[in-house]
Amino acid sequence: MSETLLFRGALVEGTTAADVIVDGGVIAEIGPGLSRAGATVVDADGLVLLPGLVDLHTHLREPGYEASETILTGSRAAAAGGYSAVFAMPNTSPVADTAGVVEQELALGEAAGFVTVQPIGAVTVGQKGERLAELGAMADSRARVRVFSDDGFCVWDPLIMRRALEYVKAFDGVIAQHAQDPRLTEGAQMNEGAVSAELGLAGWPAVAEESIIARDVLLAEHVGSRLHVCHLSTAGSVDIIRWAKKRGVNVTAEVTPHHLLLTDELVRDYDARFKVNPPLRREEDVLAVREGLADGTIDIVATDHAPHPAEAKACEWHAAANGMVGLESALRVVQQAMVDTGLITWGDVARIMSREPARIGRLEGHGTPLTAGQPASLAFYDPSPRRTFTTDDLRGRSVNSPYLGRELPGDVRWTLHRGTVTVADGALLDAPGVRA
């Protein structure tokens, strides 16, 4: 494949048609009627051009849980979904709570080459919630960690949470909180409500999430630090974030694709593909988080891509692992839930799935404007097809997707990571820049 690519007629963030020349890893030119001698010409007519997507919440499982995913396989899944960068959560083995582990993850991501893999550091040692991890050492390491989270576990001790918020101010870091009061969710199996009562499953109350968010926005306001709320899922949580932003608290929040589309009604068949933390909520919550995303209360969409081997899901509901894979389906679900419903535009998609995640995570070279001279991390997306989502769409090591057998719109046609092609004409490449 030629080093120089000329994409003709792409709809820039869904609006004006333009040609794009990619050369030397950057956008060399963008505008109508372009030409370049020797360039490989790609017909992009009707394709939506977006900055490469950035996921602030991905579980890549390596080191330690390579049966579920590796940094290579997760990177391939991300590229197939239109992503050029992912933030890797720290719940690995060993936990990513030292400079050595995050630098190892960074190196593995660079070797894979499909996306930029930016490690997230744990807030506490071993994610045990007892004492702060080496936040400063991870920030000063080659990985330049700026996001810290005990995701999978809530930083429940308010004093430790306060100290973490204070500590990361020194290097403009952010604490990304998994908002779940552990005492209020002991033994919980699904969302607390009418469906849990009918099924006889222990309920997971909305207040377990909302109470932690309320506490943490007050702590963030008190110390003047940045707080990010992971996988927000309830109407009450949206109200709290909206209130906090009106007060001027420096808080951001994310919602997952599955919380934008799926409800707790799906649990009735005890299909463990729908078991997730936080759990699928009521229809009222789905509508509330959609509204919150549309009006800017919720800042971004993040996948919470959580791969598991088959045996972790092919078992009784109470024994099944929480989590869903979501990198390959995220853009399609956002189209169905938010764009096709008229709640947001493709320009908004660029903001919530690329620019804002990169800004929150302080990730340079991603989420940049679609202008000449900027890094060519790009996604070309066809919103027109509709087809059934199958295991053929999955490119990671695990297949625990809640969308298997469901019709979804759209198709990622091309993905570029800093000018290197990772998806070409709808096909994921065996190696970046080389046709499969």
Side-chain angles (χ1 to χ4, degrees), residues 55-66 68-71 74 85-109 117-182 212-213 215-216 219-220 223 225-231 252 254 277-278 302-307 321-323 357 360-363:
D55 188 20
L56 198 65
H57 193 148
T58 304
H59 297 272
L60 295 180
R61 304 302 192 201
E62 188 177 8
Y65 304 107
E66 289 84 357
S68 299
E69 194 78 284
T70 67
I71 287 174
V86 298
F87 284 73
M89 279 293 176
N91 53 342
T92 51
S93 181
V95 170
D97 57 4
T98 66
V101 178
V102 296
E103 288 183 344
Q104 177 192 9
E105 292 177 341
L106 181 73
L108 288 168
V117 175
Q118 175 58 49
I120 291 176
V123 177
T124 65
V125 175
Q127 296 180 294
K128 294 180 179 180
E130 297 170 352
R131 56 191 176 94
L132 291 182
E134 300 176 5
L135 308 184
M138 288 186 279
D140 291 339
S141 73
R142 197 171 75 86
R144 296 190 72 254
V145 176
R146 291 297 180 270
V147 183
F148 299 88
S149 179
D150 275 358
D151 185 62
F153 302 94
C154 179
V155 182
W156 187 62
D157 186 320
L159 181 59
I160 290 178
M161 186 63 180
R162 174 184 174 167
R163 295 292 181 244
L165 288 165
E166 290 173 330
Y167 198 107
V168 299
K169 287 177 64 177
F171 43 80
D172 193 27
V174 63
I175 302 298
Q177 175 69 294
H178 174 106
Q180 176 193 348
D181 187 310
I212 295 295
I213 295 174
R215 181 202 75 177
D216 286 352
L219 286 174
V223 304
S225 189
R226 291 203 296 141
L227 169 71
H228 179 73
V229 178
C230 296
H231 43 48
T252 54
E254 71 189 35
N277 179 355
T303 69
D304 194 8
H305 176 82
N322 287 306
I360 293 167
R362 302 300 193 252
L363 186 61

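Just so it is clear, the structure is predicted and the values come from calculations on it, not from any experiment.
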What's the spacing between Thr58 OG1 and Asp304 CG if we round to 0.5 Å?
-> 8.5 Å
Audit row: Val168, Ile175, side-chain contact (heavy atoms from CB on, under 4.5 Å) steps and yes/no = CA-CA 8 Å; Val168 299; Ile175 302 298; 3.8 Å; yes
Mark yes or no for whether Gln118, through its side chain, and Ala143, through its backbone, hold a donor-acceptor pair below 3.5 Å.
-> yes
Do Thr252 and Val229 have side-chain heavy atoms sitting under 4.5 Å apart?
-> no
Is there a donor-acceptor contact under 3.5 Å from the side chain of Gln177 to the main chain of Val155?
-> yes
Check: Gly64 main-chain N/O paired with Glu66 side-chain donor or acceptor under 3.5 Å | yes
Could you pull out the closest heavy-atom pair between Ala176 and Ser149, with the gap in Å?
-> O-OG, 2.7 Å
Nearest heavy-atom neighbours spanning Pro357 and Leu56 = O-CD1, 3.8 Å
So how far is it from Asp216 CG to Met161 CE, rounded to the nearest 0.5 Å?
-> 4.0 Å
Between His57 and Asp151: side-chain donor-acceptor atoms closer than 3.5 Å | yes
Nearest heavy-atom contact between Gly136 and Phe171 is CA-CE2, 4.1 Å
Minimum side-chain heavy-atom gap His59-Pro307 below 4.5 Å = yes
Gap separating the CD atom of Gln180 from the CH2 atom of Trp156, nearest 0.5 angstrom | 12.0 Å
Worked check of side-chain contact (heavy atoms from CB on, under 4.5 Å) between His228 and Val147 | CA-CA 9 Å; His228 179 73; Val147 183; over 6 Å; no
side-chain contact (heavy atoms from CB on, under 4.5 Å) evaluation trace for Phe153 with Thr124 | CA-CA 10 Å; Phe153 302 94; Thr124 65; over 6 Å; no
Smallest heavy-atom separation, Lys169 atom then Val223 atom, equals NZ-O, 2.8 Å
Check step by step if side-chain contact (heavy atoms from CB on, under 4.5 Å) holds for Asn277 and His178.
-> CA-CA 10 Å; Asn277 179 355; His178 174 106; 3.5 Å; yes
Between OG1 of Thr92 and CD1 of Ile120, what distance do you get to the nearest 0.5 Å?
-> 11.5 Å
Looking only at heavy atoms, what is the nearest atom pair of Pro119 and Val102, with distance?
-> CG-O, 3.3 Å
Separation of Arg61 CZ from Ser93 OG (nearest 0.5 Å) | 12.0 Å
Can you tell me how far the CZ atom of Arg226 sits from the CZ atom of Arg146, to the nearest 0.5 Å?
-> 9.5 Å
For the student: nearest non-hydrogen atoms of Gly109 and Val117, plus distance = CA-CG2, 3.7 Å
